[in-house]
Protein chains: 2
Amino acid sequence: MNKRARIADVAALAGVSTATVSRTLSAPEKVGESTRKKVLDAVKETGYRINGAARDLRQKRARSILILAPNLANTFFSRIFAAIQDEAAAAGLTVQISDSRIGRDKLATLGHDGRADGIMLLDASLDPALVNGWRLPVAQLCEWNDLYQAPGIVIDNPAAVHLAVAHLAGLKHTHLGHVEGPPDNVLAISRREAFHAASAERSIRTSILKGDFTMRSGADAARRWAELEDRPSGVFCASDECALGFISECIRLGFDVPSDVSVVGFDDIEFADRFIPALTTIRQPREAIGREGAELLIGMLRNDNPQQGSLRKIDADLVVRASSGPAPTARPDFV
Amino acid sequence: MNKRARIADVAALAGVSTATVSRTLSAPEKVGESTRKKVLDAVKETGYRINGAARDLRQKRARSILILAPNLANTFFSRIFAAIQDEAAAAGLTVQISDSRIGRDKLATLGHDGRADGIMLLDASLDPALVNGWRLPVAQLCEWNDLYQAPGIVIDNPAAVHLAVAHLAGLKHTHLGHVEGPPDNVLAISRREAFHAASAERSIRTSILKGDFTMRSGADAARRWAELEDRPSGVFCASDECALGFISECIRLGFDVPSDVSVVGFDDIEFADRFIPALTTIRQPREAIGREGAELLIGMLRNDNPQQGSLRKIDADLVVRASSGPAPTARPDFV
DNA sequence: CTGAAAGCGCTTACAG
DNA sequence: CTGAAAGCGCTTACAG
């Protein structure tokens, strides 16, 4: 075992051609039994392992998919990535990950250099010309951009927001706040619009507080909320991190959650149910999102027909926990 | 732009050989100015992009590193992965990720199929024969196994644990509990041993509670802690998740943290400082861990000399927050 | 059932 | 400075 054996070494040892070795390994039924045995013995003796890079070049494929996400450090993605990797591994594909905020040139290269078969895109903020210029199947996940000619898996954000608003309305809140996400993010826009629509349906007053999905922005929003003369008694945050930041800061400012303010988040991240108070939130089924996204992309690789642009929606549920309760004026002890 | 252009297409259009096209792209100074211009024009016109897979096969490298971790869904890893990807991208390398708990055959293949140049290993529980059989540079990260012939970057676990114990000792706790990690995990073993050593130095009594790093195990440990007749007043948990689970359950059982029990975690995950009470913990510099790990592995790829087995230790700090306080008998109101 | 030969798309001594 | 040719390590029609 000094050097890695190549297929020619195995062929020489077995006294056959490289073609026969190749067939023995990839389609054993096409090879005679005694030949097969000779080859397999030679494989064992040499410790031969197929060189995937060479096979892939010959077959013009990479056996690999690339995940492109706007922030790999975001813990929201980790379970999704894990599910994608599970599905991909089951299909014999490796998984590459890259931050989508690398330079434009690098991004363009990714779709052209033969080292990935398909792209799982979790970022809707890339230039559509760039994305549509990739010569590979692309599947969108979580975020979407109507200008991308690519199908995708997303959760039904408007429906989920309606659940959150209906929950707070059912608790007799008549003035709701919304800590929104970054103004140019498709998820943030969708959730804010749905918040307004769902509130309007119920004649609920609304106030918007700026945010950007982060805990820090949630804490900042809490300070601005506290300074309001007319404070909404229920606040729907565009993300859980934001909601946890909001609650933490409220508590630090001397308010109680939920008796002073009910808070509902979005995502159901790991700590949502361990936070005190445990967070009422919209549960995003991240495992299912990752799995279905991977299935979609893998299906596209197989059929080679990128069914342009159709988005499949997955339902997200409301999980009621301790951070939301009756509106102050609706509480029994105030009656 | 119907088909992807190959280097031969560019050469034909420019009226030169493929060798010249290749040189123009990879070592322009070796090509005459007018030739270079012709080639570059042809590249532009054809939209040619180098096929990385073909180049890599020819050069016998993959321009890619593989991260192997025991659980991709673990949020502790996300920032480390992000840092590795940053460093790798800067070095022109792509990053693959895989769960290390895929089958043994698949694992063995990874180190042999020419699709990765090096492996970043975050799992010390793999068979050393397997790991040492890889024909690639391997760098260990976070976890380590002395039987692996590979250098690595780890934090100084014993020193970190001493900080935690010294902190609790300084608060006059004379009986400490430790919720340990999984019994066969190298980090868990190292932390438990250091816990015993640091406690013994200070003549502190100790109690061990079983755990496995998870929140659930922390909550379970809290229930067992509550049933103890002689309860330690300070508890050091082997991970933050465990500590958060422990605290949550304590609160649910009617205990106060830190007045009934001080809790110290390990990791400093995202929510440690937002939890209520904010968690006193050992901060693992995850960005630095990822960055230095990547630098180590990339350096090994460059030099091609796997400096077998030396582990570099990074310091971890104690971050004091609200979950730890004076031992009950030491509190002023008891004096 | 098996082999000779071409070829995946590049790079790189070698020669001039 | 440039080109012809070999070769990275495989797979796959094609022919027998």
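Chain letters run A, B, ... following the sequence lines, proteins first, then strands; residues in each count from 1. All of these numbers come straight from a predicted model, not from anything done at the bench.
Rounding to whole angstrom units, CZ of residue Arg58(B) and C1' of dG9(D) are separated by 12 Å. The interatomic distance linking Leu25(A) (CG) with dT12(D) (P) rounds to 13 Å, in whole Å. The interatomic distance linking Asp56(A) (CG) with dT11(D) (P) rounds to 10 Å, in whole Å. One atom, CG of Asp9(A), and another, C1' of dC8(D), lie 14 Å apart when rounded to the nearest Å. In this structure, Ile7(B) places its CD1 atom 13 Å from C1' of dG3(D), rounding to the nearest Å.
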In dot-bracket notation, what is the pairing pattern of DNA chain D, taking Watson-Crick (N1-N3 plus N6-O4 or O6-N4) and G-U wobble (N1-O2 and O6-N3) contacts under 3.5 Å, with [ ] crossing and | for other strands? |||.||||||||.|||

Under the side chain to side chain contact (heavy atoms under 4.5 Å, CB included) criterion, do Leu122(A) and Ser100(A) qualify, and how do the steps go? CA-CA 8 Å; Leu122(A) 286 83; Ser100(A) 53; over 6 Å; no

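With dC10(C), dC1(D), dC8(D) as the candidates, the nucleotide lying closest to the side chain of Arg6(B) is dC10(C). Candidate nucleotides dT11(C), dC8(C), dG3(D) were compared by shortest atom distance to the side chain of Lys60(A), and dC8(C) ranks first. Which of dC10(C), dA4(D), dA6(C) sits closest to the side chain of Ser17(B) comes down to dA4(D). Distance from the side chain of Ser22(A) is smallest for dT12(D) among the nucleotides dT12(D), dG9(C), dT11(C). Closest contact between the side chain of Arg23(A) and the listed nucleotides dC14(C), dG3(C), dC10(C) involves dG3(C).
A salt bridge does not link Arg61(B) to Asp117(B): none of the charged side-chain nitrogens sits closer than 4.0 Å to a carboxylate oxygen.
Within the structure, every side-chain polar atom (N or O) of Gln59(A) is placed at least 4.0 Å from both OP1 and OP2 of dC10(D). Applying the 4.0 Å criterion to OP1 and OP2 of dT2(C), one finds that Lys30(A) has every side-chain N and O outside that range.
A side chain to side chain donor-acceptor pair (under 3.5 Å) with Asp41(B) is found for one member of Lys38(B), Lys44(B), Lys37(B) and no other, namely Lys37(B).
Each of Thr20(A) and Thr20(B) lies near DNA chain D, and the nucleotide nearest Thr20(B) is the one positioned closer to the 5' end. Residue Asn51(B) is the one, among Ala19(B) and Asn51(B), whose nearest nucleotide of DNA chain C lies closer to the 5' end (criterion: closest heavy atom). Nearest-nucleotide mapping onto DNA chain D: of Gly15(B) and Ala54(B), the residue sitting toward the 5' end is Gly15(B).
If you check the side chains of Asn157(B) and Ser190(B), you find no donor sitting under 3.5 Å from an acceptor. For the residue pair Gln140(B)/Asn145(B), the side-chain donor-acceptor check at 3.5 Å is not satisfied.
Counting distance only, with no hydrogens placed and no angle test, the side-chain atoms of Arg4(A) and the base atoms of dG9(D) include no donor-acceptor pair under 3.5 Å.
dT12(C) sits 16 Å from dG16(C) when the C1' atoms are compared, rounded to a whole Å.
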